[in-house]
Amino acid sequence: MHSFELVKPATIQDAVAALKSDEAQALGGGQTLLPTMKARLAQAEQLVALSGVAEMHGICVDDDGRICIGGATTHATVAREASGYPALASLAGRIGDPAVRNRGTIGGSLANNDPSACYPAGVLASNATVVTNAREIDADDFFQGMFETALDEGEIITEVKFPVPEKAAYEKFLQPASRFPLVAVFVAKFSDGVRVAVTGASGDGVFRWSEAEAALSANFSPDAVKGLGDLDADDMISDLHGDGAYRAHLVSVMTARAVKAAV
Amino acid sequence: MPKDTGIGASPKRREDVRFLTGKGRYTDDINVAGQAHVVFLRSDVAHGRIKSIDTSAAEAIDGVVRVFTAKDFEGVGGIPCGWQITDRQGNPMQEPKHPILAEGKVRHVGDPIAAVVAESASIARLACEAIEVDIEALPAVVDMKAALSDGAPKVHDDLTSNLCYDWGFVEENRDAVAEAINSAAHVTTLELVNNRLVANPMEPRVAVGDFAAHDQSSTLYTTSQNPHVIRLLMGAFVLGIPEHKLRVVAPDVGGGFGTKIFHYAEEAFCTFAAKQLERAVKWTCTRSEAFMSDAHGRDHVTKIELALDADNNFTAIRTETYANMGAYLSTFAPSVPTWLHGTLMAGNYKTPLVYVNVKAVFTNTVPVDAYRGAGRPEATFQLERVIDKAARELGVDPVDLRRQNFIREFPYQTPVAVEYDTGDYDATMDKLLSMIDRDGFAARRKESESRGKLRGLGINCYIEACGIAPSNLVGQLGARAGLYESATVRVNATGGLVVMTGSHSHGQGHETSFAQVVADMIGINEDQIEIVHGDTANTPMGMGTYGSRSLAVGGSAMVRATEKIIAKAKKIAAHIMEAAEGDIELKEGRFTVAGTDKSLAWGDVTLAAYVPHNYPLTDLEPGLEETAFYDPNNFTYPAGAYACEVEVDPETGQVQVLSFAAADDFGNVVNPMIVEGQVHGGLAQGIGQALLENCAYDENGQLLSASYMDYAMPRAGDLPMFQVDHSCATPCTHNPLGVKGCGEAGAIGSPPAIVNGVLDALASGGHNVGHINMPLTPARVWAAMQG
Ligand SMILES: Cc1cc2nc3c(=O)[nH]c(=O)nc-3n(C[C@H](O)[C@H](O)[C@H](O)COP(=O)(O)OP(=O)(O)OC[C@H]3O[C@@H](n4cnc5c(N)ncnc54)[C@H](O)[C@@H]3O)c2cc1C
């Protein structure tokens, strides 16, 4: 790892100010950034740790009944405390291992937008709102392809607001080595329709499976998915752990299982 | 009643106290005053010509001591290979030079190009990035068959081809085997891959080279399973340092699994550089670096044919194997697919004719060498898979087919050179069946089906050869070393003793089990015995630990040395008690005179040996210290039967191992708890190979599984509770302890059980799949089910 300077502001305002410099980068739990820096694949003159920003921590419920999670809240905290949204708490509780969950944050995970990350599926299926220091971004606008988001340079995620669906579940099929999703599907049933978000499958990152959403909005049962056929294998990631056809098949299986598990 | 001390007891491992409380002393814990640190610049292309290396910018960095490249090693030897194979025509194998730093060409991703020695590892790392290397990338050879095709790029320009050797065994049987196959009632053919593995010991490799200017002597601290072998190879063949000026120390070693047997370039580099700089030089391997520089394991591609007569007796076996050597020959690489593999192709069965052909191939990949089991897992996997396939084709019970062909008379001369001294394969199979409730399987399968799962039962046998090996025999087979073992037993004046063994432990618990043996022989407490190993300065020349040889060979040397001690102590006791030597008995730490009530404590006699006031000085030297070297008469042959039940999720191809039972014959057992632990570890690695682990390259020679993000290690949650048994013991007939070795059995016997079980599960769902290559990942199992 190359040397860097670490600053630890106490407010969002100070964090944003510190991030104005070209050489500065936000540090969440460091579970992605630090290994990348250790492998010398990334380098920063200055890391701005968000862990000291008290207003970015914790979980509450807003007036619209949404679960609001501070951008620097760890996966472990969400797993433990997001009891108002069990499917989301369950998602957080299955990220990585205890060490990763005790450090990694929701803001870091979303900003990174790994094509195999868990949270993007939860955010997109829940139609959550990503709140930054500057604005509010709809989930449908936030994710812009693998490792790409709507965030501007120096913009930080301060909070994420999740509408709570009637029923939801997250089904994660593990990549055997990393234990990231090989394919994972988050299904959320709202009064006005069903949203299905898929992660791990596409090189473009998390996406909504619109055919499944339509079918499930009409008939919320695993059988509704079975009739759809698999997605196009050519649009899926193909690697050491599974080719496109396998991932396309898993999308169907995991979606049906999520529907079955949804409570 | 279980014993609580001595042979057969299970005292807790004394070394665990320091390992588990962070007090172990590993090589990385060794820091020499004034040491510098080295970081290697490694190739990121698989094959290329080095056109230029400019180190000036690196040298200009503050804190850089010196930058080394191949030109600094003129006149220094290459890393030697310890085993020469003779091919089918009687010619020696092709043996390329393995330079310490790449000369002219890079041949695999990870091949070291330059080494920066600096005041700190981070400065050295930074300076590595400042080295400018101009490499002209060349097409890489990765696939073994492609590497042997006409016009394939050559890994080594000075060799005639990428073929290291084409070995036939038993060559004289070639035609007879062909004839038997042609005239067989049934022939089952199977093509399979034994997947390449990365050993992944918990402790990555480390080397610290030191040089003492006052007496011009060198010391290497290294993560090694066999420090004496490293001293001999590095001193005599690489650096030209005589053994009396070279000490090699391997302190606590945090796992090895074979990959720490070999002499590596980094060890020679640190020793060489320390002498040049008159300053200690330390290298600590990172995990990422380990993936591309530790010798890999396995990587065989095989076609096997099993011929049977009309009564289902095995009549012949023929195999054709391609064995990957990687880019250079690692220390024992050529022996693994030949003598450690071909000699086991008879298995537990009385097949009269066997012919094994092995083509060893150079490719632009990390060198491949011994890994837990080394050659025997490859043999077992082929044999036990092809037998299962034959049973399915013939519609007979796979257990019955095996039993029908079991060897039952011992000693048994196999058609593949080795002679099994003893064994009882019915006993371990009976034991296994008593452990697994085979009759209840149908009901369990139904229960799985009710949950939408396919359940399978996989059963197989294995035999292996341990306790390597009679030196005169391996010498004929091409080994460039002897394979005896040694021990010095030094009894102190007050009765405690130190055993200095040429074996070494990289986690197996020798300090506990070796002490049990000596304590048992003398009748004293284990805590009076210290086991010392791992340092060439205070242990006799020994060959180290691999091939489950430590107790069978090293333990035998220790027994012989202890017998000499006891014999001498009896002489002393006879003198003091004024009795005939033949009347002296040693029991529970006391010498008695038969037929009298005279007795002396062990400590009285040991004191007399060093304070020889009343002592037979004219007949006997004072002191009580003896050394023995033990060269075995034969290998030992642990064998057994394994079974597992697996469940396959037909929707995803996910395999879950529900149960695993192992019935092993290890001969006599010194510490049952340690033996169980060894079997558990072996099973974890074997199941890891079968289901998870896969070292994969792309067609350009880039390592795809270069970290734990892509290389799947077995975790506790991937494994069931194991049922292990070693009660079916047929003691080895030719070593004094009657022991056979248990370190590798689990890894050897378990992969076929898993694959047999998964295929059985699939068959129950109507998927008649002939074979799936390991690892049986969900994607592969699912794809196989799609036909
Ligand atoms: C062993 C292991 C297993 C894992 N398994 C999983 C898994 O199963 N599923 C999964 O989803 N993830 C997994 N992860 C990733 C983990 O969830 C990370 O915590 C997460 O991806 C990044 O969050 P972080 O807080 O650690 O961010 P960091 O690593 O600190 O930062 C990541 C990126 O986000 C930026 N950033 C951080 N915080 C903010 C913010 N508030 N606003 C804007 N930008 C920000 C940083 O500048 C950086 O670019 C695993 C990681 C490891 C090491």
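So you know, we letter chains A, B, ... as the sequences are listed, proteins then strands, and number each from 1. Just so it is clear, the values below take in all heavy atoms, side chains as well, and ignore hydrogens, waters and symmetry mates. Keep in mind the model is a prediction, meaning the values are calculated, not measured.
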Q: Select one option (side chain, backbone, both, neither) describing which atoms of B/M709 are under 4.5 Å from chain A's heavy atoms.
A: both

Q: Is it the backbone or the side chain of B/Q786 that comes under 4.5 Å from a heavy atom of chain A, or both, or neither?
A: neither

Q: Using a 6.0 Å cut-off, check whether atom CZ of A/R208 has over 12 heavy atoms from anything other than its own residue.
A: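 Check passes, neighbour count above 12.
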
Q: Let me see the working for B/R125 and A/R40 under side-chain contact (heavy atoms from CB on, under 4.5 Å), right down to the final yes or no.
A: CA-CA 10 Å; B/R125 205 160 282 128; A/R40 302 170 96 79; 3.5 Å; yes

Q: Could you tell me which of B/S122, B/P778, B/A696 has the largest number of non-hydrogen atom pairs under 4.5 Å with chain A?
A: B/P778

Q: Is chain B contacted by the side chain of A/R247, its backbone, both, or neither, given a heavy-atom distance below 4.5 Å?
A: neither

Q: Taking all atoms of both residues into account, what is the closest heavy-atom pair of A/A177 and B/D710, and its distance?
A: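 So the minimum-distance heavy-atom pair works out to CB-C, 3.4 Å.
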
Q: Can you confirm whether B/M785 is buried at CE, in the sense that more than 12 heavy atoms of other residues, nucleotides or ligands lie under 6.0 Å from that atom?
A: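 Enclosed: over 12 neighbouring heavy atoms sit under 6.0 Å from CE of B/M785.
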
Q: Checking heavy atoms, do the side chain of B/D718, its backbone, both or neither come under 4.5 Å from chain A?
A: side chain

Q: Just by distance, do the side chain of A/Y246 and the backbone of B/T652 share a donor-acceptor pair under 3.5 Å?
A: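 Yes, because the side chain of A/Y246 sits within donor-acceptor range (under 3.5 Å) of the backbone of B/T652.
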
Q: Quick check for you: to the nearest 0.5 Å, what is the distance between A/D97 atom CG and B/R715 atom CZ?
A: 8.0 Å

Q: Taking the side chain as every heavy atom from C-beta outward, state whether A/H2 and B/L126 have any atom pair closer than 4.5 Å.
A: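 Heavy-atom side-chain distance check passes, below 4.5 Å.
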
Q: If you measure from CD on B/E651 to CE on A/M254, what distance do you get to the nearest 0.5 Å?
A: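 The distance works out to 7.5 Å.
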
Q: Please check if atom CD in B/E449 has more than 12 non-hydrogen atoms from other residues, nucleotides or ligands closer than 6.0 Å.
A: yes

Q: Kindly compute the distance separating CG (A/D243) from CH2 (B/W782), expressed to the nearest 0.5 Å.
A: 7.0 Å

Q: Side chain from CB out, backbone as N, CA, C, O: work out which of these in A/M1 comes under 4.5 Å of a heavy atom of chain B, or both, or neither.
A: neither

Q: Where do A/G242 and B/A779 come nearest, in terms of heavy atoms and distance?
A: CA-CB, 3.8 Å

Q: Can you tell me if CG on A/D232 sees more than 12 non-hydrogen neighbours from other groups inside 6.0 Å?
A: yes

Q: Working note: A/Q175 + B/T777, criterion side-chain contact (heavy atoms from CB on, under 4.5 Å); need CA distance, chi angles, decisive distance, verdict.
A: CA-CA 10 Å; A/Q175 192 262 55; B/T777 60; over 6 Å; no

